[in-house]
S.K.: 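Quick one: the structure is below, and I'll ask about it shortly.
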Number of protein chains: 2
Amino acid sequence: MTLKPVPKDSPKGESSPMYTISGLADEFGITPRTIRYYEEVGLLTSHRSTPTSHRLYDSRDRGRLKLILRGKRFGYSLAELAEILHLYDVDPTQKKQIKRTLEMGIKHLEEINEKIEELEELREEMIEFALSFLEIISEEKGDESDEMKAFIAGARAVVESMHGK
Amino acid sequence: MTLKPVPKDSPKGESSPMYTISGLADEFGITPRTIRYYEEVGLLTSHRSTPTSHRLYDSRDRGRLKLILRGKRFGYSLAELAEILHLYDVDPTQKKQIKRTLEMGIKHLEEINEKIEELEELREEMIEFALSFLEIISEEKGDESDEMKAFIAGARAVVESMHGK
DNA sequence: CTATAAACTTACGTTAACGTAAGAATCAGT
DNA sequence: ACTGATTCTTACGTTAACGTAAGTTTATAG
Ligand SMILES: [Zn+2]
Ligand SMILES: [Zn+2]
Ligand SMILES: [Zn+2]
Ligand SMILES: [Zn+2]
């Protein structure tokens, strides 16, 4: 009988969970190269026992990576993300940085609010269009099969349920 | 006295408003090159009197451009946008395309819904962080000027007002 | 009609964000 | 200690989405 397999991403002696580079890559559907690149441009950090050993990541690094990937999905460039994530790096005891950090943070929050509003507008537009599309093809009722009619009715129900939030 | 200046983007004899390429570019804060590029890759169309004359755009083209730019701001690639905007090109009398078009449209709508949820999560995370940040610097009350105190109070009010939607 | 201003085509240049390949080093299991 | 799987560094390659420059053509105002 072999030893209980230790979870690959939680090396034994450690107190907090640690992640390998390919562990994170697999989890987030990216490649190790991407993670190394983020470190290369100063967006992410890793921890090594010796300067030549393999990279390890703690849950804080993991959270930061998650934020980076999330930001990317909303069209932020890595440069913008570096600016935004700066908020998470500031030492709250350094009075000098506080004001600017808060200003930037609030500015970014307002940008996010605008983005949410715009996304909701986009959804509304698409919904309006889909509904008018459904309207048009319903008026052309003729050689439509029962299956097609059912499909159209189903589609209309789905779209309607999204309408008005 | 000169003639009443005709709006640059509404050539005289036309019934519906027409836009020039730089008119649209200025309006949306992009360059003519970008608009030509979108046409080059088949995302946008223009209308010309002769094959060599200047490009003109109607309000439908303008709306489409607006959608493209909006999509870009949410991280969609031009290829993805081409797929999404396909919904607007389909002939509703072509039974064959209807089903697939509706399926794609609903799929994209669901993606947008997920994006909105994710964006709201991101906002909540940032708000939580900002609040804890404000908490920390408030506990270190010592050599803070009145101006700084007021600033911090103001920031907290702003962030609080965003909290919980 | 002429002179600018805009727009056109063509084509090469640029940048961000990785991909990919090669060879060396490190780690994990036996 | 051996071995196969991972990871490492280095470095050149790639792609999307335009930027930019040059020379030409088309529109518009006087
Ligand atoms: Zn860390
Ligand atoms: Zn509506
Ligand atoms: Zn048109
Ligand atoms: Zn909360």
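A, B, ... follow the sequence lines: proteins, then strands. Residue 1 opens every chain. Note that this is a predicted model, so its numbers are computed, not measured.
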S.K.: Does A/Thr52 place a side-chain N or O at less than 4.0 Å from the phosphate oxygens OP1/OP2 of C/dT26?
M.R.: yes
S.K.: Check for a donor-acceptor pair, side chain of A/Thr34 on one end and backbone N or O of A/Ile30 on the other, with a separation under 3.5 Å.
M.R.: no
S.K.: Salt bridge or not for B/Glu111 and A/Arg73, using N-O below 4.0 Å?
M.R.: no
S.K.: Does any N or O in the side chain of A/Lys107 come within less than 3.5 Å of the main-chain N or O of A/Leu102, such that one atom is a donor and the other an acceptor?
M.R.: no
S.K.: At under 4.0 Å, does any side-chain N or O of A/Ser53 touch on OP1 or OP2 of D/dT7?
M.R.: no
S.K.: Rounded to whole angstroms, how far apart are CG on B/Leu56 and C1' on D/dT28?
M.R.: 14 Å
S.K.: Counting only N and O atoms by type, is there a donor-acceptor contact under 3.5 Å from the side chain of B/Glu80 to the main-chain atoms of B/Ser77?
M.R.: yes
S.K.: Please state how far atom CD in B/Glu40 lies from atom P in C/dA11, giving the value in whole angstrom units.
M.R.: 12 Å
S.K.: Expressed as a whole number of angstroms, how long is the span from A/Ile21:CD1 to C/dC27:P?
M.R.: 14 Å
S.K.: For the helix from C/dC1-D/dG30 to C/dT30-D/dA1, how many degrees between its two end axes (five pairs per end), to the nearest 10°?
M.R.: 30°
S.K.: Between B/Arg156 and B/Ser138, is there a side-chain donor-acceptor contact under 3.5 Å, judged purely by atom types and distance?
M.R.: yes
S.K.: Could you check whether any side-chain N or O of A/Arg55 sits under 3.5 Å from a backbone N or O of A/Ser46, counting only pairs where one atom can act as donor and the other as acceptor?
M.R.: no
S.K.: Heavy atoms under 4.0 Å is the rule here; annotate nucleotides 15-23 of chain C 5' to 3' with B where the base is hit, S where only the sugar-phosphate is, and - elsewhere.
M.R.: --BBBB---
S.K.: Can you measure B/Ile35 atom CD1 to C/dA7 atom C1' for me and round it to whole angstrom units?
M.R.: 12 Å
S.K.: Assuming nearest nucleotide by heavy-atom distance, tell me which of A/Pro51 and B/His54 is located more 5' along DNA chain D.
M.R.: A/Pro51
S.K.: Is there a side-chain polar atom (N or O) of A/Thr20 under 4.0 Å from OP1 or OP2 of D/dT7?
M.R.: yes
S.K.: Do NZ/NE/NH1/NH2 and the carboxylate oxygens of A/Lys66 and B/Glu125 come within less than 4.0 Å?
M.R.: no
S.K.: Can you list everything that forms a ring pair (Phe, Tyr, Trp, His ring centres under 6.0 Å) with A/Tyr37? Sequence neighbours excluded, please.
M.R.: none
S.K.: Quick one: A/Glu39 CD to D/dT10 C1', roughly how many Å, whole number?
M.R.: 15 Å
S.K.: Give a yes or no on whether a salt bridge exists between A/Arg64 and A/Asp89, defined as a side-chain N under 4.0 angstrom from a carboxylate O.
M.R.: yes
S.K.: How close or far is atom P of C/dA6 from atom CZ of B/Arg36, stated in whole angstroms?
M.R.: 14 Å
